[in-house]
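Quantities reported herein were computed from a predicted structural model and do not represent experimental measurements. A note on names: the letters A, B, ... follow the listed sequences, proteins ahead of strands, and every chain is numbered from 1. What's counted below: heavy atoms across the whole structure, side chains too, no hydrogens, waters or symmetry copies.
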Amino acid sequence: MLKIVIWTVITVTALGLVLAVVLYLVARRFKVEEDPRIDEVEKVMPGANCGGCGFAGCRAFAEATVKAASPDENFCPVGGNDVMAKVAAILGFEAKAKAPMVAVVRCNGTCENRPRINEYGGYPSCKVKAALYSGDTGCAFGCLGCGDCVAACSFGALSMDPETGLPVVDEEKCTGCGACSKACPKGVIELRGKGPRGMRVYVSCINKDKGPAAKKACAAACIGCGICAKTCTHDAITVADNIAYIDFAKCKLCRECEAMCPTGAIHGVGFPKPLDKDAVKERIRKRNEAAKAAAAAEVKKEVEA
Amino acid sequence: MKRTFSIGGIHPHDSKISRECGIKPLAIPGTVYISLSQHIGAPAKPVVAVGDKVKVGQVIAEPGGFVSAFIHSSVSGTVKSIGPRKDLAGNPQMTVEIAVEGDEWLETIDRTPDLVTAIPEDGKEIVEKIRLGGIVGLGGATFPTHVKLMPPPGSKCEMLIINGCECEPYLTSDYRTLLERGEEVVVGAALIAKALGGVPCTFGIEENKPEAIAHIREIIAKLSASDKAYSNISVMSLKKRYPQGGEKQLIDAVMHRQVGSGGLPISVGAVVQNVATALATYEAVQKNKPLFENSVTMTGECFPQQANVMVRVGTPLSFIIDSLGGIPEDAVKIVSGGPMMGRAVANVDAATLKGTGGLLFLTAAQTVRKEASACIRCGRCADACPMGLEPFLLRKLALAGDMAALEANAVADCIECGCCLYSCPANIPLLDIIRLAKADVMKIMRARAAEAKAKAEAEKAAAEAKKSESNG
Amino acid sequence: MGKLLVTPSPHIHTKDSTRSLMLDVVIALLPAVIVSVVFYGWRELMLLGVSVGACLLLEWAVTRFMLKKPSTIGDLSAVITGILLALNVPYTTPWWVIAIGAVFAIGVAKMTFGGIGQNIFNPAIAGRVFLLVSFPTYMTTWSQPQGLFGLDAITGATPLGAVKEGLLAGSSVQDIMAAGGYDYATMLYANLGGSAGEACAIALLAGFVYLLCRRVIKPWITLSIFATVALTSLIFWGINPARFTDPLFNLLTGGLILGACFMATDYVTSPMSAWGGVVFGVGIGFLTMMIRYFGSYPEGVSFAILIMNAFVPLINMAFHQKKFGRK
C-alpha cells in the first residue's frame with residue numbers, strides 16, 4: 001500500500017518537474033521582446049477597448065503612444081485628462097489638458113415635431129435605412145431612429161426614447177469617445193465641449209433645406225434665418241447651408257440666441273434655471289436701442305464736426 | 001432540355017396578371033419633373049434656363065461625363081425651375097420642372113408609323129445616334145447604352161443578347177413590347193448588332209411567354225427573307241427561373257460562359273441589351289426620336305386597373321396612379337420595378353425616370369416581413385444564390401465586421417438579386433446586411449486599387465525620370 | 001392608405017418558414033409513428049407523448065425563464081426531437097427514463113448551445129446516447145412486442161445484438177442467421193424487437209421520399225450513408241462471410257434507416273453543401289460499420305452521427321459553394 005503511495009508521489013513529482021522545464025524552455029524560446037512601458041501604459045488605460053481613440057483597443061493605443069514622439073499625438077477620450085496625465089508620467093512627458101467632450105444629438109425631430117409619412121420595415125439599422133431612402137419624415141437630414149448609435153456605445157450611455165424616437169445621451173456615462181458619432185450615417189451626433197458644469201448651448205438641427213422646406217418637414221428645424229448670428233455678441237455663431245452652428249469654444253453661454261430662435265432649434269442644457277425668454281429678449285432690445293442711439297449720436301457728432 | 005443559368009436561382013410565382021393589358025398612352029400631366037440623374041454615372045448638365053420654351057424631344061441637358069447621357073424634354077412648354085426635388089426615396093436630385101403647353105414635337109422626329117428596316121452601313125453612326133438619343137439600359141441598371149457599345153480596345157464582341165426574360169414577377173411591359181412592337185424591337189436589335197460589328201444576335205426569352213417567342217421568330221423569318229442583315233438573329237427559349245434577366249446569368253444561360261468576378265460581359269465576348277432598349281434604339285436611329293417616354297406596368301393583386309401605360313419621362317407617380325383609380329385601400333407598399341429588385345417608393349410625388357418599368361402595389365399580407373428567427377442552417381440561401389455565395393456566412397462575417405473574410409468569400413460578387421432573403425425560412429434579413437457589407441468592402445477594394453495605381457504610376461514616373469537622366 | 005411602407009428589396013417572400021419545414025418532417029415521421037404504435041401498442045403512444053411533451057415543456061421553460069426570450073416551441077423542432085427520441089428507444093423503456101432523455105436532449109444538447117440553430121449535436125441522438133450509457137439495462141432490453149392486436153412479450157435480442165453475442169460465443173455468421181431465422185423481406189416491413197422506430201423500413205423510407213418530394217432535404221447525405229455501409233460491408237463480407245455480416249443485413253437492421261433519413265439530415269447538425277454532405281455521410285457510414293464489426297456495442301449509427309456532428313464545422317469550412325465565374 002505504502003509503496004503505491006510513494007511511487008505515485010514520485011511519478012507525479014517527476015512529471016511536474018519535466019513539464020515545468022519544458023514550459024520554461026518554450027517560454028524562453030518564444031519570448032517576444034517588448035517595450036515594458038507598453039504594459040505599464042496599458043495598465044492605466046480604462047480597458048474598455050472602445051476604439052474611441054482611433055486604435056483597435058487599449059493595447060493598440062498603448063503601443064502607438066509609446067512609439068509616438070509625444071503623448072499629445074494620441075488622446076484617450078474615455079480616460080480623459082487623468083489617464084493622459086498618468087500615461088505622460090510613465091513616458092516622461094507633460095500632458096496638455098484637453099476640455100472634456102460629450103456626445104450631443106443635433107436633432108429635435110420628435111414624433112410631434114416631425115410627422116411621419118413613411119414606415120420602415122427592413123433590418124433595424126440606420127445604415128441600411130440611410131442607404132435606402134431619406135427617412136420616415138419630410139426631413140432628409142435628421143435622426144433615423146434605428147439606434148445604430150445605441151449599439152455602438154460601449155458604455156451604455158445612449159438609449160432610445162420611445163416617446164420622441166430620438167436617442168438620449170446619459171452625460172454621466174458618456175465618455176466622449178465618439179463611437180456613436182462615427183456610427184451615425186446622418187452625422188446627427190456631434191462631440192462638443194462638455195462646458196462649465198455641463199452647461200452648453202447648441203443648435204439641435206442639421207437640416208440643410210431652405211427655411212420653408214425645413215419648417216414644413218419639422219416644427220423644430222433650424223431654418224437658417226440668421227437671427228441667432230445677429231444676436232450673438234461673441235461671434236460664436238455662423239450660418240452656412242441654411243444651418244446655424246455655435247462654436248462651443250467661443251460661446252459664452254449667454255443664451256441670447258436660444259431666446260431669439262423662432263423655431264426653438266437652439267437648446268441650452270445643464271443650466272440651473274430655465275430660460276426666461278422675455279427677460280432676455282427685453283435685454284437684447286434695450287441693448288440694441290442703446291446701440292442704435294449711440295450710433296445715431298456718433299453720426300450726429302460726425303455731422304457736427 | 002431548355003437552357004438556363006448554372007448556379008442557384010429561385011422560382012417565385014410569376015404573377016403576370018397584367019399580361020393581357022396592351023400598352024396604352026397616358027395623358028400628359030400639367031407639369032413634368034425631369035431628373036438630371038436618370039442613369040448610372042455623372043448627372044447631366046442642364047442646357048436650358050428658367051423661362052426657356054422647349055419642344056418634345058429637345059435636349060435639355062447634356063452628358064456630365066463619359067459615363068453619362070443626354071436628357072430630352074418629354075413635353076412641350078416652359079421651363080419653370082431647375083433645382084433639387086425629392087426622388088422616390090426622398091433624396092433631393094437636380095430636376096428640371098417644365099410646365100406643359102400643348103404637345104409640339106421637334107420637326108426632326110419622324111412620327112409616321114412606317115417600319116424602317118434598312119440598316120445604316122456605318123456602325124459608328126448608329127452609336128452616335130444612340131448617344132444623341134440619350135438611350136440608357138432600360139433593364140433596370142440604366143447604364144448609358146453607347147458606352148456599352150464601345151468595347152474597350154483589345155476586347156471583341158461575339159454575340160449580342162437581347163434580354164427578354166423579364167424574370168421579375170408581375171412586370172409585363174417587356175412582354176407587351178415584344179408582342180405589340182416586335183418588328184421595331186427586332187430592327188433595333190439588328191441596329192445594335194450592326195453597331196457592334198455585325199455580330200450574331202440572340203433573343204433570350206423565358207418559356208412562360210410562348211406567344212412572344214413565336215411572334216419574334218415569325219418576325220425574324222419575315223424580315224430575313226428580304227434583308228440578309230436579319231438572318232443571324234435568333235430566339236432562344238429559356239427555362240423560367242429568377243434571376244435569369246441578370247446580365248451574368250443570361251450570358252451563362254445563352255452562351256454557357258461565366259463572366260469572371262468583377263469582369264464585364266465583354267470579357268467573354270457578350271453584350272446584353274434589354275428589349276425596351278432595343279425599341280428605344282430603333283426609334284432613335286430610324287425615327288430620330290430620342291428616349292423620352294417608356295412603358296410602365298401598373299399592377300398588383302390589390303390594384304383594380306391592371307395596365308401597361310406609355311408615360312412621358314418626368315410624369316409624377318401620383319399622376320399615373322390617380323389616373324388609374326388611385327392607391328388601393330389595402331395597399332401598404334408601392335414598389336418601383338419588380339418585387340425582387342425594385343425600390344420601395346417613399347415619396348409618391350416623385351417623377352418617373354427613363355428606367356421606371358413598373359409600379360407594383362402590395363398588400364400587408366404580401367409584403368410585410370415576418371419577424372426573423374434563428375438561422376437553422378438549412379443552406380437554402382446558399383442553394384438559391386445565383387453567384388454561388390454563402391449568404392449565411394456573409395451575414396455572420398458582416399455582423400462580426402470581418403472585412404478581409406468578407407472579401408475572401410466574394411461579397412463583392414453579390415448582384416443583390418434578393419434570392420437569399422426570399423428563400424430564407426427564418427426570415428433573416430440576409431440581403432439587407434450583405435448589401436451594406438458589400439458597399440463597405442467595395443470601398444476598401446477601390447481605395448486599394450487606387451493606391452496601387454498611384455504607386456505604379458509613381459514608380460513608372462520615377463523609372464522614366466531615371467531613364468531620361470541616364471539618356472541625358 | 002396611410003404611411004407608405006419602405007423596405008429594402010426583395011419585397012416578396014417564400015411561403016416556407018422554419019415551422020412549415022419542421023411540420024413537413026413531422027408529417028414524414030407519421031408513417032413510422034403509426035406503424036410503431038400498431039406494432040408496439042399503447043405503451044409506445046405513451047412514450048411518444050411523454051417524450052414530445054417533455055421536450056416542448058423544457059424548451060418553453062428554458063426560453064421563458066432562463067433565456068428570457070420569446071418561446072421558440074412554435075417552430076416545432078422540439079416536437080421532432082421528441083418523436084425521434086421516442087422512436088429511438090425500446091418500447092419497454094419506463095416513462096421517467098425517456099423524460100430524462102428529453103431533458104438531456106433539449107436542456108443540455110440544444111438549449112445550452114443557444115437553442116435552435118446553435119447546437120452542435122443532434123439533440124435526439126444526444127438524448128438517446130445519454131440514456132444508452134446511463135440506463136443500459138432499460139435501453140438494451142429488447143422485447144418482442146405485444147402490439148395493438150395482442151402478442152405475448154418475449155424478451156429477445158435484436159438481430160445485430162444476436163450476431164454480436166453469437167460471434168463472441170464463437171459461432172459463425174451463417175449459423176447465427178440460420179438460428180435467428182432472419183428473413184430480409186420481413187425485415188423490410190416488420191423488423192421487430194429493436195427500437196420502436198426501427199420496426200418498419202418501408203414506413204421510414206416513405207417519409208424520406210416525402211421529404212425529398214417536398215424539397216425539405218437533399219438526398220446526398222442519406223444516399224452516401226447507404227452507399228458507404230453497403231460498400232464497406234461488401235468488402236468485409238467478401239473477405240470473410242463467416243466473421244462479417246452481409247450488406248443487405250446491415251442496411252436493413254438497426255437504426256440505420258431511421259438515422260440516415262431523419263437524424264443525419266437534421267439541418268442544424270449537418271453540412272450545408274452537397275459535397276460536404278457526401279463527406280459527412282461517408283464518415284457516418286464508415287464509422288457505423290466499424291462500430292458494428294469491431295466495437296463493443298452491437299449498433300453504431302448513433303455514435304457515428306454524433307462523432308460526425310462534431311466534424312461539421314470543419315467540413316463546412318472545407319467545402320464551399322462553387323462560385324460563379326471563379327475557379
Between the side chains of C:Asp75 and C:Thr18, is a donor N or O closer than 3.5 angstrom to an acceptor N or O? no

How would you list, by chain and number, every residue that makes a ring pair (Phe, Tyr, Trp, His ring centres under 6.0 Å) with C:Phe303, sequence neighbours excluded? C:Tyr297

Note: vs chain C, highest number of non-hydrogen pairs under 4.5 angstrom among B:Gly338, B:Ala382, B:Gly379, B:Cys419 is B:Ala382

Walk me through it: do C:Phe65 and C:Trp60 pass the test ring-ring contact (aromatic ring centres under 6.0 Å, His included)? CA-CA 8 Å; C:Phe65 299 113; C:Trp60 176 79; 5.6 Å; yes

Do you know which of C:Pro8, C:Ser20, C:Ser270 has the most heavy-atom pairs with chain B at a distance under 4.5 angstrom? C:Pro8

Contact origin within C:Lys15 toward chain B - heavy atom pairs under 4.5 Å: neither

Using a 3.5 Å distance criterion without hydrogens, assess whether the side chain of B:Gln258 forms a donor-acceptor pair with backbone atoms of C:Gly325. yes

May I have the list of side-chain donor-acceptor pairs in residues 356-364 of chain B shorter than 3.5 Å, sequence neighbours left out?
{"from": "B:Thr356", "atom 1": "OG1", "to": "B:Leu353", "atom 2": "N", "distance (Å)": "2.9"}
{"from": "B:Thr356", "atom 1": "OG1", "to": "B:Leu353", "atom 2": "O", "distance (Å)": "3.3"}
{"from": "B:Thr363", "atom 1": "OG1", "to": "B:Gln366", "atom 2": "N", "distance (Å)": "3.4"}
{"from": "B:Thr363", "atom 1": "OG1", "to": "B:Gln366", "atom 2": "OE1", "distance (Å)": "3.2"}

Among B:Lys248, B:Arg343, B:Arg380, B:Met341, single out the residue with the greatest number of heavy-atom pairs under 4.5 Å to chain C. B:Arg380

Part of residues 420-433 of chain B lying next to chain C, heavy-atom separation under 4.5 Å: B:Leu421, B:Tyr422, B:Ser423, B:Cys424, B:Pro425, B:Ala426, B:Asn427, B:Leu431, B:Asp432

Would you call C:Asp24-C:Arg214 a salt bridge at under 4.0 Å N-O? yes

C:Arg19 atom CZ, neighbour heavy-atom count above 12 within 6.0 Å: no

Determine the option with the most heavy-atom pairs under 4.5 angstrom with chain B, choosing from C:Asp266, C:Leu21, C:Thr269. C:Leu21

Side chain, backbone, both or neither: which part of B:Cys375 has a heavy atom under 4.5 Å from chain C? backbone

Give the minimum heavy-atom separation between B:Ser267 and B:Val259, together with the two atoms involved. OG-CG1, 4.0 Å

Structural part of B:Thr367 lying under 4.5 Å from a heavy atom of chain C: both

Is C:Met317 close to chain B through its backbone or its side chain, or both, or neither, when contacts mean heavy atoms under 4.5 Å? neither

Answer yes or no for B:Arg377 and B:Phe392: cation-pi contact, defined as NZ/CZ to six-membered ring centre under 6.0 Å and angle to ring axis within 45°. no

Comparing B:Gly418, B:Ala410, B:Pro169, B:Pro339 against chain C, the one with the most heavy-atom pairs below 4.5 Å turns out to be B:Pro339

Report yes or no: do B:Glu301 and B:Tyr170 form a side-chain donor-acceptor pair below 3.5 Å? yes

Nearest 0.5 angstrom please: B:Met340 CE to B:Glu168 CD, how far? 7.0 Å

With a cut-off of 6.0 Å (strictly less than), are more than 12 heavy atoms of other residues, nucleotides or ligands near CZ of C:Phe319? yes

For chain B, which candidate among C:Lys322, C:Arg326, C:His13 shows the most heavy-atom pairs at distances under 4.5 Å? C:His13

So does B:Asp413 pair up with B:Lys438, basic N to acidic O under 4.0 Å? no

Are B:Lys396 and B:Asp402 ion-paired here, with the side-chain N under 4.0 Å from a carboxylate O? no

Under 4.5 Å, heavy atom to heavy atom, which residues of residues 103-127 of chain C contact chain B? C:Ile116, C:Gly117, C:Gln118, C:Asn119

